[in-house]
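Everything on this sheet refers to the single structure shown next.
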Amino acid sequence: GETKDVCPNHARQAKPDDDGDCECDDRGLQPQVCYQDDILGCEYSRGTGNKVDKTLKYFSQSCGERCTCKVQVATTTTTTTLKSCPNWEGDTGTPVTQSRSPNVNGNCLCKEGYICVEDEETEQGADPKFSDGCTVLGSRRKKSNKYSKDCDSCHCVEKPPDKQQSCERRGRLSDDGDNCECAVDRFCYVPQKGRWRRKCKEANGDRSKTKFSKQCRTCICMKKRHVQRQNNAAHDNSCQPSEFCNHKTAHVQGRFDPCVTVSGEISLQKYNAAEQAEYQCIGFSTTCEGHKNVESESVENGNCVCRLGTRCHQKHGDEWTEGCMSTRSGNDRKFFLASSYTNFFRCMQPPEGKRCPQPELPEEPRNFEFPNEDGECVCKKGYRCWYSKTVGGVVKGKALGCPTAGKWRSTKFLAKCGMDKKCECLSLSKDEEPTCS
């Protein structure tokens, strides 16, 4: 009875939250993840009925010694194989995610104008159903614009338009001229009661799995699964540990285009032997000289590091998008490949809503720079978050606890609240109240 409301020592907090969950410390450059019975992913409060949900960040307090938090070891240059985002090309073969690689938190981001939907488990032979919002790593809430790299049933699809679209955007015009028709191996879905269901109607009112009226604004064509095509007879070649793999054309142009393995994964060192004429092994640079806004000219494990307060951006066409290729991740916010591609990787300051105010004398500054997947910043150990109470724009006092994406908390706060200087982390005990300056 005495340990009922206590989390184990390896947990981030001493006590479980209001849902009865303990939390692994996923901050910083060596985040911890949860293992249950030595298998990645732990059960927590979200599981309902016969369906058990698992997460890398939380675990039920009742799990006991079966659940442990362990440091997630960064990938090294000798074994770097990076998981591609499932369904990143979409059903039409064109990219529907912002990048082929997950971000540093392990999530794939949908392109602008797309939303994420997730397959629901259905009985064999039954029509598939989709739910709005997808499972992500680092949050217990489903997100409308991103999904976990491990979610093979998640898809980015175009947002339902505000007005009628032409058939060409969603399929082709059928022979009768009144309906649109989905491409081969694709079915028509329409949102109903918060779910995507295969119940489209033709112009005459008949239900159809592949056709829908041109007047239907919310009908879209999707297929349930993206099938990975593999050639079992093929094999991969590898670059040396001191090298990374790039497309020959990309290297000449001063940019990076990752190599692809037989299994379809992107890799810094392995590539499909059948396509070896397209690839080239390039030696890592020994200095970061020439790159702007880096911490130093020194190289860390094959990477250059953006200085405090900046994030790495990678060039795609004429645009700069957040997240770079590094030996740690295919979409890294702080690190990028130590290379001669000075006009391809760039460290930039993010908008205010995407950075955290720097706490006083941070023990590990990189741990506190940017908000998590829920847009929250975290107070360092020994600090608590206080919220400024204002009347007519004048601060009248401070209260313990700050707004987050969910409930108000004493250890975290929304990034915008911090940048507006309404939320502040102070080294005070729970019984102390700060004074106004």
Side-chain angles (χ1 to χ4, degrees), residues 26-31 72-77 80 82 98-109 137-138 146 244 246 250 254-258 266 268 282-373 375-378 380 415-416 418-419:
D26 64 346
R27 302 172 297 171
L29 303 181
Q30 289 188 314
Q72 188 174 28
V73 180
T75 309
T76 66
T77 57
T80 301
L82 305 167
Q98 292 184 18
S99 171
R100 182 173 181 170
S101 307
N103 62 17
V104 71
N105 294 321
N107 294 313
C108 304
L109 277 66
L137 299 177
K146 65 183 73 173
F244 63 88
N246 194 7
R255 59 184 181 87
F256 181 76
D257 189 3
I266 61 174
L268 287 182
I282 313 294
F284 285 96
S285 296
T286 56
T287 177
C288 297
E289 184 179 5
H291 291 282
K292 298 179 180 179
N293 292 330
V294 292
E295 279 192 357
S296 71
E297 294 183 357
S298 301
V299 175
E300 292 188 23
N301 194 28
N303 300 307
C304 297
V305 189
C306 290
R307 67 172 174 80
L308 195 66
T310 64
R311 282 182 172 181
C312 188
H313 289 67
Q314 188 168 300
K315 197 168 188 178
H316 292 278
D318 296 328
E319 298 181 357
W320 291 92
T321 58
E322 187 178 293
C324 296
M325 177 64 67
S326 74
T327 62
R328 310 169 350 125
S329 168
N331 207 336
D332 205 314
R333 296 182 293 184
K334 289 300 294 182
F335 296 78
F336 60 92
L337 290 181
S339 63
S340 60
Y341 310 143
T342 55
N343 292 320
F344 185 73
F345 298 118
R346 183 174 294 179
C347 299
M348 303 178 182
Q349 191 175 48
E352 285 192 356
K354 291 189 176 182
R355 66 178 190 266
C356 296
Q358 296 303 309
E360 295 181 7
L361 303 175
E363 300 162 354
E364 189 65 49
R366 293 179 190 167
N367 292 0
F368 301 91
E369 283 186 75
F370 307 117
N372 60 21
E373 291 288 353
E376 301 165 337
C377 300
V378 181
K380 71 174 185 178
K416 188 178 185 306
M419 297 308 296

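In this chain, residues are counted from 1 in sequence order. What you see is a predicted model; the values in this text were computed from it and never measured.
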[X] versus [Y], closest heavy-atom pair with distance:
| X | Y | result |
| --- | --- | --- |
| Ser298 | Cys288 | O-SG, 3.4 Å |
| Pro350 | Gly309 | CD-O, 3.4 Å |
| Pro371 | Gly375 | CB-C, 3.5 Å |
| Leu268 | Ser326 | CD1-O, 3.4 Å |

Donor-acceptor contact below 3.5 Å, side chain Thr327 vs main chain Asn301: yes
Side-chain donor/acceptor of Asn246 to backbone N/O of Asp257, under 3.5 Å: yes
From [X] atom [atom1] to [Y] atom [atom2], the distance as rounded to the nearest 0.5 Å:
| X | Y | atom1 | atom2 | result |
| --- | --- | --- | --- | --- |
| Gln98 | Gln314 | CD | CD | 12.5 Å |
| Arg255 | Ser339 | CZ | OG | 13.0 Å |
| Arg346 | Lys315 | CZ | NZ | 7.0 Å |
| Met348 | Cys312 | CE | SG | 9.0 Å |
| Thr310 | Lys292 | OG1 | NZ | 13.5 Å |
| Cys347 | Phe335 | SG | CZ | 10.5 Å |

Test item: Phe345 and Val294 side chains (from C-beta on) under 4.5 Å apart, heavy atoms: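 No, side chains not in contact.
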Non-hydrogen side-chain atoms of Cys306 and Asn293 separated by less than 4.5 Å: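 Side-chain contact under 4.5 Å: no.
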Phe256 and Tyr341 aromatic ring geometry - parallel, tilted or perpendicular at 30°/60° bounds: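 Answer is tilted, since the angle falls between 30° and 60°.
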Set of salt bridge (Lys or Arg N to Asp or Glu O under 4.0 Å) partners for Arg311, sequence neighbours left out: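 Salt bridge (Lys or Arg N to Asp or Glu O under 4.0 Å) list for Arg311, sorted by chain: Glu322.
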Summary of ring pair (Phe, Tyr, Trp, His ring centres under 6.0 Å) pairs that have at least one residue in residues 289-314, sequence neighbours excluded: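 Every ring pair (Phe, Tyr, Trp, His ring centres under 6.0 Å) pair that includes a residue of residues 289-314, provided the two are not neighbours, is His291-Phe336.
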